[in-house]
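This report concerns only the one structure given below.
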Amino acid sequence: MTAMGSAPGLHDEGERENGNPLREADIRHLIKAFRESGCTSLSLSLGSCRLALHPRSARRNGGAGAEEEGAVLTAPSVGVFEPAPLPGGPVEAGTVLGSIRLVEGEVPVTASVTATVTARLAPAGAFVEYGQPLMTLRPEPDAAAGAKGRQGAVP
Amino acid sequence: MSLNRVFVANRGEIAVRIIRACHDAGLETVIGVSQADRDSLPARMAGRTVCIGPAPSAQSYLQVEAIVTAAVGTGCDALHPGYGFLAENAGLARMCARHGVVFVGPRAETIASLGDKITARAMAREAGVPVVPGRDRINDHGEAVQAAGEIGYPVLLKASAGGGGRGMQVVRKAEDMRAAFETASAEARAAFGDGTLYMERYIARARHVEVQVLGDSHGNVIHLGERDCTLQRRHQKIVEEAPATAVSAPLVDAMRAAAVELARSLGYEGAGTVEFIVDRDRGEFFFLEVNTRIQVEHPVTEMLTGVDLVAEQLAIAGGAPLSRTQAEIRLSGHAIECRINAEAAADGFRPSPGLIASWQPPSGADIRLDTHCHAGYAVPPFYDSLLGKLIVTGPDRAAALDRMGTALEQFEVGGIDTTIPFLRALLRRPEVRSDAVDTRWVEAVLETPGFRDEMKRSQG
């Protein structure tokens, strides 16, 4: 029965019923927080006012998106990094490049785009945080279409 | 077995509170944060900060395995869950145990059995604690009508797995039962993944009184008095105080004894709260539930007893006996706590996250503020809206109320809306002074025409 106990999440449903529209400052703040969060979507309705946020182009599955000069693949979970043997050449998006071992399971680390691994940033067996850089990738030309995903603006 | 390094599996003011208690006890701290909380005050205070996931709590603060992995990976030998999030998740307690991390809280089986409201009621009944007249498992609408006939209308349908008012329906006559049953069951299924309902007599004029207990692994159980949390809005507490001066002394004594008896019967280890509902009209009390965690309002009890409840939790988890016997617990004066939320009360309690431009809290010998906020802090939109808890003490209730009124007047926050103007207006009401309130009074007073104007005037 405590405030924090019952509804972790965006906000309690019950708080929205008076139909008060969002102020511009609220929307600005939501967009900023959404950008920083790494979420793939946010939808909010306050009375008659509805707000939906999505990145301009959704990221491919797994790790981080790619920038033009080279992408950083980040840890999809906290845990112990177990890299797979380095591939010789370019790998397709979705290729498993290692895993993060948790106390009872593991999460695969996959290439976010078709790319060549250019450097490994975390050693094998390292305890890594969520979002910690694991390796750098150089996107291959045919992956350019999806390469700007993460940096895309919010519509 | 003494602890060395504690993993803090929470955020906000309670994370600050736990880190302080750990450091005071000479324990190292590691906090697991979401990406949104990387630069928060508790993240800066902790010995080490580990990011466990993205901002949404479902992907960070509610990820059991990520949290235990972070605790093990940083060499922690204990984990404090705070309140909310996974604080009453038996699965977290069990996973901690499997990986050699001491869970700061009761045993997993105690959490699991008290977490199921029907089992908890049965345990209370076995310990001789009165429960609200009702029926434990209502399978269909027909059974509900029959049970209500025996109990007498109005009745309350509640979710077995529930809390926070979800899956709860008041039913005043048999004709309304079918719709109420279906709504409550669907809500319970949606909110808790379990549509099981039970029924209780509906108490129209109720006070919420809860008893703080502590138990250790050596079989000692004590109480640290009660807290009156009658001022609520939609089952969310707003103001908590102690002692419960509106309830007769014999009734308070009986509640304290019942709480200790129940905790003893369970072999309870850690800090816990036994919640009761007091029927103002009949002068009876009934068991509601046991919260197997530190509570938001624990400072009220600390101010009254001088006992540091979080320090006691850590000591109990480390295997130490309670620091005091029942005879050594002295309750002196009166303490009141107000929850300060980032909400625009005059605007339907609309959440108001954003940048805190200015933060000027009151200070003084009788004032305590538990918070993670400061000027320049951006309140993220992802979590609960609690900014902090303002606690004052006085020699008696009237003096404590006066001090709270002054402290609220002095508390200035700029940049975001807070519930401070609402609290100022609320505490000025004569019904609060005379303590003639029940658990539905706040919602009623919010409907009165003058109150909204008073809130607006209090904004200054």
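If you're wondering where the values come from, they're calculated on a predicted model, not measured in any experiment. Only this structure's heavy atoms are used, side chains among them; waters, hydrogens and symmetry mates stay out. Note on naming: letters A, B, ... go to the chains in the order of the sequence lines (proteins, then strands), and numbering restarts at 1 for each one.
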**Among B:I67, B:V101, B:V68, B:V64, side-chain contact (heavy atoms from CB on, under 4.5 Å) partner for A:V103** = B:V68
**Message:** Quick check on the interface: out of B:Q63, B:E88, B:R38, who has the most heavy-atom pairs with chain A under 4.5 Å?
**Reply:** B:R38
**Request:** Select one option (side chain, backbone, both, neither) describing which atoms of B:A70 are under 4.5 Å from chain A's heavy atoms.
**Result:** both
**Prompt:** With only heavy atoms counted, which part of B:T49 is less than 4.5 Å from chain A, the side chain, the backbone, both or neither?
**Reply:** backbone
**Message:** Ignoring hydrogens, what is the shortest heavy-atom contact between B:T69 and A:F127? Give both atom names and the distance.
**Reply:** O-CE1, 3.8 Å
**Which portion of B:V50 sits near chain A, non-hydrogen atoms under 4.5 angstrom** = both
**Request:** Can you spot which of A:V78, A:L102, A:V107 makes a side-chain contact (heavy atoms from CB on, under 4.5 Å) with B:E65?
**Result:** A:L102
**Message:** Around atom CD of A:E82, are there more than 12 heavy atoms from other residues, nucleotides or ligands closer than 6.0 Å?
**Reply:** yes
**Request:** Mind ranking A:G131, A:G105, A:A75 by heavy-atom pairs under 4.5 Å with chain B and telling me who comes out on top?
**Result:** A:G105
**Side chain, backbone, both or neither of B:A66 within contact of chain A (heavy atoms, under 4.5 Å)** = both
